[in-house]
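Heads up, the thing below is written out as structure tokens.
Just so it is clear: chains get the letters A, B, ... in the order the sequence lines come, proteins before strands, and each one is counted from 1.
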Amino acid sequence: MSTTATAATYDFLAIEKKWQEYWAKHETFRALNPGEAGFDPDKPKLYVLDMFPYPSGAGLHVGHPEGYTATDIVSRYARMNGYNVLHPMGYDSFGLPAQQYAVEHGIHPRITTERNIANIERQIKMLGFSYDWSRRVATTDPDYYRWTQWIFLQMYDAWYDAEMVWTDPTGRKIQGRARRVADLVQEMEQGRRVVDAAFNAVPAPKGGITPTSGLRAWGDLDEIERRRVIDNHRLAAMAEVPVNWCPALGTVLANEEVTNEGRSERGNHPVYRRPMRQWMLRITRYGDRLLDDLVMVDWPESIKLMQRNWIGRSEGAEVDFLLTGEAGRAVTDDYETFEALKAVRATQGYPVTPADYVLRIYTTRPDTLYGATYMVLAPEHPLVEKISTPEHRAEVAAYVQQARNRSELERIADTKQKTGVFTGAYAINPVNGREIPIWVADYVLMSYGTGAIMAVPAHDERDFAFAKAFGLPIEAVVQPTAQAVKEEYPEDSTPPDQMVQQVLAGERCFAGLGVAVNSGEFTGQPTSEFKKNVTASLEAAGLGRFAVNFKLRDWLFSRQWYWGEPFPIIHCEKCGTVPLPEDQLPLLLPHMEDFKPKASDDPEAPPQPPLARITEWVNTTCPSCGGAAQREVNAMPQWAGSCWYYLRYLDPKNDKAFVDPAVERYWMGASRLPAWAKTEAQQAGGVDLYIGGAEHAVLHLLYARFWHKVLFDLGYISTHEPFAKLFNQGMIRGFAYRDSRGIYVGYDQIDFREDGAYHKETGEKLTESIEKMSKSLKNVVNPDDVVSQYGADTLRLYEMYMGPLEASKPWNTRDVMGVHRFLHRAWRLIVDPETGELSSAVTDGEPDAESLRVLHNTIEAVSRDTERFGFNTAIAAMIMFVNEMTPRDVRPRAVLEPFVQMLAPYAPHIAEELWQRIKGGSWHGSLSYEPWPVYDESLAKEDEVEVAVQINGKVRTRVRVPSDVDAKGLEAAALADEKVKGFIGDMQVRKVIAVPGRLVNIVLGK
RNA sequence: GCCGAAGUGGCGGAAUGGCAGACGCGCGGGUUUCAAAAACCCGUGGGCUUAACGCCCGUGAGGGUUCAAGUCCCUCCUUCGGCACCA
């Protein structure tokens, strides 16, 4: 350790402070926008982005600098290679953690947020990253959230035209586009769209509206109905939907914020499903494009897959089952039997839209329709109450109530043990006219498909379990091959033929593909063919249609907390929801002394947003009619600000627009990148490199893509996708130690000996494990400590040297010394430790061939490795350079200077200092823009190389040959070798493989 | 349960199908020193050996392709990550 540092040795703390002040003072890393004085349009651009931090009270942990260092290396490398580099930083400062921290400590979140930002910014600056600080944003700044609110209003004023086929500026054909609400109104006014029974604006039927179609023209709607149609189509709209209600947090949460166990991601509180009227963003409209456009981006396959799974597109059919008897009569006066409905529909040119007299289900397996033996409604399904017969009503109501009171946790806990009750109602299977019972069970989810299913116990595991539990019939309609059923039950030792018999007998469930049996006219058809045919036949009869479903659900966009963006919306009794006029933005978050949300243990407690308590703020006038009105009192969720921050960095001070279009086109446009960064993705444009943790795989990254596409469709930005290239850094974990009772022990309590870790006080040997860093495991490493002990350059270098960027790896403080020593050695190459002056070994003379060879090998390795993000091996190459140069007493300047440049992206402070010293009095400034050293292959080559010689694949000797020898010459040299001759003896040389520069393999035989 | 990624010395890790273990840590030996630290130099996968020359075994396990496999293919095991009643 350098606590004994004299003025002459590498005084990293002073050097780092000096250069950080220099960079700040000279705005060394300021990136100029097109149009600014000094902007060079001939340089290619590179937009290098970090996932901006959440400014928590704990400050940075060592995981943050890992990604930040990687992007900093790329940024600095790119500047030295002649790029205009945009490398900004900011803070994601709204959200629940700040709210909770503030509640716990009794301090206003505005204050804690400012304090936390100040601390985290100090830490980031202490690490010497080359951010353009003039572009700093915080999502809590009114100048920032003004535009978050503005974008929300654009979504409010937009709808998704799923039918529209259009061509983007690159000539790509796209189906579906967000358009202005005014266009929708116009289409309806002109009669191109009509309104169906569910208030959807659908393309007008060719033959016009028939009386039985349930369709209406725009002119036939009253004011309230018209508003309902429009609201039904807005990309941002309020809707009564089942939401995740967390009474303990006093707010609702998005699906993405609820854990597998049905608890809140934050705080681990129970979450309940409740229907509530909330703001929703219709991300599901973009399901297909969010899925399809993943091919445009250069992202880790694992992340793309997670997004694909999250979107969860499936194809199948919607099928309408007619309700019969009492149930049917309860909901319809006009149609009582299946045959009657079928007859009516047969006369129609246009399929009838959903209405109460049918039970509409979604299935991916329409080929199993003949095996449907009962139906199931989700407890929240609107038909449950209507169709339950008097004798079952009490039981159904009790079950529904019980399901409501079970948290998600409880529902998930017993997926094996199915529950449910019979409603007393029956439905008619459209393919065979059979009446089957309708049940209610919570294994069917209201939020997926139509909230109702046909149950085919013979071919669905869940239905099978339910049928077994309640004694419902199981009828096989798919005959599997012996092999298919064996694959489904690999552990089972039953002979495959017998398994097939068990499936056909309804004793065993089979969910795979096969050939139809007992399926009327379809019997004998393979599954895939059957699906197509039966869907077509249902469609022809108006009883079903091809359908696509997504697991992705609309984004619940309101929260009942204080610390978020207020909605720029006013509720007027006369005009409905009214957007705040643009010139009134930002709508400032009003100050509150008591900002606590109303928390509760009661799942039935209603949400009470804190803002609702400021009556003088809530009560306002309607911008539309001028009458009395109320402000929206919910706040936006954590993710709102992070959906578009990468766009604000481009033009952070603009008060006319969230970004100037010309500026956006430059920084987000397709790059003129060198080979190393060129991918198909970057041709499509976007942020050139985005580095962050994989924990955002579906949340932030999906939401941001969604907003981006909306802004693209509305013409505000120029690219389909926000992030052309994404890279996930691996998690840095820490060694954790616990005693025999399982209690974790902090590092300061541990005596590290050769054979393990011992407790300093008890002497007990401790168990070591590698865990995610966390306070409770007492294995957190604080960057402040590392920097004060070893310096920022050492921390940066160590984090990059630990291993591949994408790998998860454990922090080992002992290893930090290794790179720290390297920096000391690099320092002494140039500075005499005795005098503090330039070392006398540094000469102006012509470099010798060997020094040049070492240098150019290093240039080659560092350049190549940096470009492929192999930062660990790039550092290894620089260490080798220093190890080679250290013993020399003549070290030519011409060799040292390029080395210092190569060190600069990795350890910028020491590099600046060494550069200044080696350049001497003539140098003033930063080396940040000095051209990167050029690799000269002719200087890197040696005249002679050693090549391994294998006999039958085993290395037996080496031969020295000229480095440019060809395969023939290499073969001759190997065969001429005495030792090789000895090995050959009287054996026969069957084959010789000679790979110049690599090896020779001599294959011998008898 | 489903999907994905990964298994290499005492440790972190390196290796376009071409000399496995670069580089660092740790460890052993040496130089320097009154001594220690620091620094510098040498050694360091395991085993055998006449200890020089040299040989054998080694990248989670087993099989395969190839002149040549850590790398490609098949089967299995383990660990980590994601999803999880999505009809």
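For an aromatic pair to be called close, the ring centres must be under 6.0 Å apart, and A:F869 with A:F871 satisfies this.
Nucleic acid contact for A:I453: base, since at least one base atom lies under 4.0 Å from a heavy atom of the residue. The residue A:S808 sits close only to the backbone: its heavy atoms come under 4.0 Å of sugar-phosphate atoms, none of a base. Residue A:K551 is classed as a base contact, given a heavy-atom separation below 4.0 Å to a base. Within the 4.0 angstrom heavy-atom criterion, no nucleotide atom of any strand lies near A:E461. No contact: A:D463 has no heavy atom under 4.0 Å from any strand.
A:Y798 pairs in a ring pair (Phe, Tyr, Trp, His ring centres under 6.0 Å) with only one of the listed residues (A:F822, A:W811, A:Y906), which is A:W811.
The listed nucleotides are B:C67, B:G12, B:A87; the one nearest the side chain of A:K991 is B:C67. Which of B:C67, B:A84, B:A22 sits closest to the side chain of A:W310 comes down to B:A84. Proximity note for A:P804 (side chain, C-beta onward) versus B:A14, B:G18, B:G24: the nearest is B:A14. Closest to the A:Y362 side chain, of the nucleotides B:C67, B:A87, B:C25, is B:A87. Checking B:G18, B:A15, B:C23 against the side-chain heavy atoms of A:R868 singles out B:A15 as nearest. Considering only the side chain of A:R828, B:C40 comes nearest among B:A87, B:A68, B:C40. For A:N883, whose side chain is taken as the heavy atoms from C-beta onward, the closest listed nucleotide among B:C67, B:G24, B:A87 is B:G24. When distances run from any side-chain atom of A:V995 to the nucleotides B:G12, B:G18, B:A87, the shortest one goes to B:G18.
Rounded to whole Å, the separation between the C1' atoms of B:C77 and B:C67 comes to 32 Å. Using C1' as the reference atom, B:A68 and B:G60 are 23 Å apart when rounded to the nearest Å. Taking atom C1' on both nucleotides, B:G4 is separated from B:C23 by 31 Å, rounded to a whole Å.
Neither OP1 nor OP2 of B:G24 sits under 4.0 Å from any side-chain N or O of A:R814. Contact annotation: A:R825 does not reach the phosphate of B:G24 (side-chain N/O to OP1 or OP2, under 4.0 Å). Contact between the side-chain N/O atoms of A:Y448 and the OP1/OP2 oxygens of B:A87 is found at a separation under 4.0 Å. Under 4.0 angstrom from either OP1 or OP2 of B:A87 there lies at least one side-chain N or O belonging to A:S314.
Between the OH atom of A:Y443 and the CD1 atom of A:I453 there is a distance of 4.0 Å, given to the nearest 0.5 Å.
Remark: B:A22 base-pairs with no nucleotide; criterion is Watson-Crick or G-U wobble with both hydrogen-bond distances under 3.5 Å. With a cut-off of 3.5 Å on both pairing distances, the Watson-Crick or G-U wobble partner of B:C72 is B:G64. Across all strands shown, B:G28 forms a Watson-Crick or G-U wobble pair, both distances under 3.5 Å, with B:C42. In this entry B:C55 has B:G47 as its Watson-Crick or G-U wobble partner, both defining distances falling under 3.5 Å. If you check B:G81 for Watson-Crick or wobble pairing at under 3.5 angstrom, you find it paired to B:C3.
Side-chain atoms of A:N779 come within 3.5 Å of backbone N or O of A:G734 as a donor-acceptor pair. Side chain of A:E475 to backbone of A:T373: no donor-acceptor contact under 3.5 angstrom is found.
In this structure, A:F881 places its CZ atom 19 Å from C1' of B:G24, rounding to the nearest Å.
The base of B:C85 is paired with the side chain of A:K418 by a donor and an acceptor separated by under 3.5 Å. No hydrogens or angles were tested; on distance alone, a donor-acceptor pair under 3.5 Å links the side chain of A:N1001 to the base of B:C67.
By the neighbour-count criterion of 12 heavy atoms within 6.0 Å, atom CD of A:Q483 is sparsely surrounded, having that number or fewer from other residues, nucleotides or ligands. Within 6.0 Å of the CD atom in A:E944, the count of heavy atoms belonging to other residues, nucleotides or ligands exceeds 12.
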Tabulate protein N/O versus nucleotide N/O from nucleotides 54-60 of chain B, keeping only pairs under 3.5 Å, one per line.
from, atom 1, to, atom 2, distance (Å)
B:G54, OP1, A:K979, NZ, 3.0
B:C55, OP1, A:R956, NH1, 3.3
B:C56, OP1, A:R956, NH2, 3.4
B:C56, OP2, A:R956, NH1, 3.4

At under 4.0 Å between heavy atoms, how does the protein contact nucleotides 3-9 of chain B? Give one character per nucleotide, 5' to 3', with B, S or -.
SS-----
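You'll find the side chain of A:L359 reaches within 4.5 Å of the side chain of A:H381, heavy atoms only.
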